[in-house]
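Mind looking over this structure? Questions follow.
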Amino acid sequence: MGEPDGTAFRHWHALFDELCNRAGYYDDATLASAYCALTASKGQRQHETALRNLNNWRSGRHLPRSGNLRVLAKLLNVADDPQTQKLWNQLYRQDGEMEGKVRPGLPVPVAQYAVPFRAPVTALTRVTGRPTGMTTLFAPERLGRKRFSAMQAAFGGAVLLAVGATAGALVTASGWRPWAGPADHAPIIAFNPVVNMKVGDSRPIYAERGDCGKLPRDWHLLASDLPELRTGTFSDGGLARRFSKFCQGLTPARAIVFTASAPGIEEFEIQGDFFKMTVTD
């Protein structure tokens with residue numbers, strides 16, 4: 001691998017794209033196939049997930065997680081050149097610090113600006129052509145404005161009520177039940193990319209979510225997208241809950257149970273999340 005010019009890259013995704021091109025991965029589809037082969041990910045859904053993630057990483061929409069970063073570095077042989085690896089880590093750390101300043105899904109803060117001071121209008125404020133005091137307070141034009149404001153408030157309340165009713169009907173039709181649902185008291189499955197188990201152990205290692213607030217896929221649909229491993233097998237863990245940055249909180253999910261059957265070390269991916277599994281006797 002030729003040493004890239006560090007001054008030519010200001011962001012990690014630009015370096016990543018250049019290394020992909022040098023390795024012959026000019027299109028994301030070919031890169032996704034190689035990525036899935038390296039992570040033992042099988043199935044059309046996993047290939048599509050990898051393709052979507054790689055497109056986002058390559059275009060700079062967001063950064064990969066550290067586990068995904070290790071897979072990419074291995075795929076592109078980044079460690080073969082110390083200068084390339086140093087630049088790779090430096091740009092990733094720099095962009096990670098910038099990305100962490102704004103939480104995903106929240107409005108980007110804007111710069112404050114000065115607002116010209118304007119004296120408040122009160123009942124005793126002098127009005128041209130009229131005396132101050134109680135006469136001004138009960139002036140016909142001021143009463144008219146107050147009646148119009150009350151009408152505006154009533155109309156606004158009616159509009160809000162109509163919008164609320166419409167939104168409620170849409171939420172009901174969508175199948176999302178924020179106030180009650182079969183997963184309300186389901187166990188919470190935490191994400192841990194490094195899993196250590198012994199032969200014979202069986203426990204949930206992941207929970208796949210559906211759309212935010214909605215129930216996840218049935219097991220028979222999920223199972224077809226899971227990788228085949230030498231160290232064990234997957235099974236349905238039933239309804240669960242998991243924290244999601246995208247959903248900004250807890251959301252229903254389906255627990256994925258792993259049963260260890262043979263010693264070994266494997267790396268794989270589920271729904272875009274990277275795992276390193278170690279099974280011992």
Side-chain angles (χ1 to χ4, degrees), residues 32 35-36 38-43 45-54 56-57 61-74 92-93 95-97 99-100 102-106 181-198 201-219 221-229 231-260 264-280:
Y35 184 92
C36 289
L38 188 60
T39 57
S41 302
K42 299 181 179 180
R45 179 181 171 87
Q46 289 197 318
H47 184 273
E48 291 174 355
T49 299
L51 182 62
R52 182 174 61 254
N53 287 337
L54 288 165
N56 289 334
W57 300 335
R61 290 189 182 93
H62 60 75
L63 289 173
R65 293 182 178 178
S66 57
N68 302 116
L69 185 73
R70 288 194 296 269
V71 175
L72 296 174
K74 185 176 181 180
Y92 180 80
R93 183 166 52 251
D95 289 354
E97 291 173 355
E99 189 177 73
V102 179
R103 290 179 57 192
L106 296 181
D184 283 2
H185 303 290
I188 299 173
I189 307 299
F191 171 67
N192 186 351
V194 179
V195 184
N196 297 292
M197 299 178 68
K198 293 185 176 182
D201 287 350
S202 182
R203 70 169 186 263
I205 64 167
Y206 191 71
E208 185 194 74
R209 68 172 180 83
D211 293 336
C212 297
K214 294 185 180 180
L215 294 178
R217 297 187 294 169
D218 291 334
W219 173 253
L221 297 174
L222 189 158
S224 61
D225 291 331
L226 294 176
E228 294 181 7
L229 303 182
T231 54
T233 56
F234 297 106
S235 59
D236 185 10
L239 288 179
R241 291 176 294 165
R242 59 170 281 186
F243 285 98
S244 169
K245 289 183 179 180
F246 182 81
C247 299
Q248 299 185 13
L250 281 173
T251 189
R254 182 168 298 281
I256 300 174
V257 175
F258 183 79
T259 301
I265 299 176
E266 292 185 282
E267 294 180 346
F268 57 94
E269 189 176 351
I270 301 177
Q271 205 182 26
D273 289 320
F274 174 84
F275 287 87
K276 181 177 181 180
M277 170 67 70
T278 302
V279 178
T280 56

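Just so you know, residue 1 is the first one in the sequence shown, and it goes up from there.
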Inter-residue atom distance Q46.CD - N53.CG, 0.5 Å rounding: 11.0 Å

Note, D218 side chain near R254 side chain (heavy atom, < 4.5 Å): yes

Test item: Y92 side-chain N/O and P64 main-chain N/O as donor-acceptor pair under 3.5 Å: yes

Test ring pair (Phe, Tyr, Trp, His ring centres under 6.0 Å) applied to F274 - qualifying residues, sequence neighbours left out: none

F234 and L222: CA distance, side-chain angles, deciding distance, side-chain contact (heavy atoms from CB on, under 4.5 Å) verdict: CA-CA 11 Å; F234 297 106; L222 189 158; over 6 Å; no

With sequence neighbours excluded, residues passing salt bridge (charged side-chain N to carboxylate O under 4.0 Å, His left out) with D273: R65

Exercise: identify the closest heavy-atom pair between P216 and R209: CB-C, 4.4 Å

Test item: R241 side-chain N/O and H185 main-chain N/O as donor-acceptor pair under 3.5 Å: no

From CZ (R70) to CG (L38), nearest 0.5 Å: 12.0 Å

Pairwise distance CD1(I189) to CZ(R203) - rounded to 0.5 angstrom: 11.0 Å

Heavy-atom closest pair, residues A186 and A240: CB-CA, 3.5 Å

Parallel, tilted or perpendicular: ring planes of F275 versus F191, cut at 30 and 60 degrees: perpendicular

Expected output: side-chain R242 to main-chain A207 donor-acceptor under 3.5 Å: yes

Contact summary for P227 and A40, nearest pair of heavy atoms: CB-O, 2.8 Å

Heavy-atom pair of closest approach, residues T251 and G213: OG1-N, 2.9 Å

Beyond-backbone contact of D225 with R217, side-chain heavy atoms, under 4.5 angstrom: yes

Atom pair CD1 (I265) and NZ (K276), whose distance is rounded to the nearest 0.5 Å: 5.5 Å

E266 side chain to T231 backbone, donor-acceptor under 3.5 Å: yes

Rounded distance (nearest 0.5 Å) linking atom CD1 of I270 with atom OG1 of T49: 11.5 Å

Note, Y35 side chain near L72 side chain (heavy atom, < 4.5 Å): yes

Distance in Å, L250 CG paired with I188 CD1, rounded so as to fall on 0.5 Å steps: 4.5 Å

Where L239 and P187 come nearest, the two heavy atoms and their spacing: O-CD, 3.9 Å

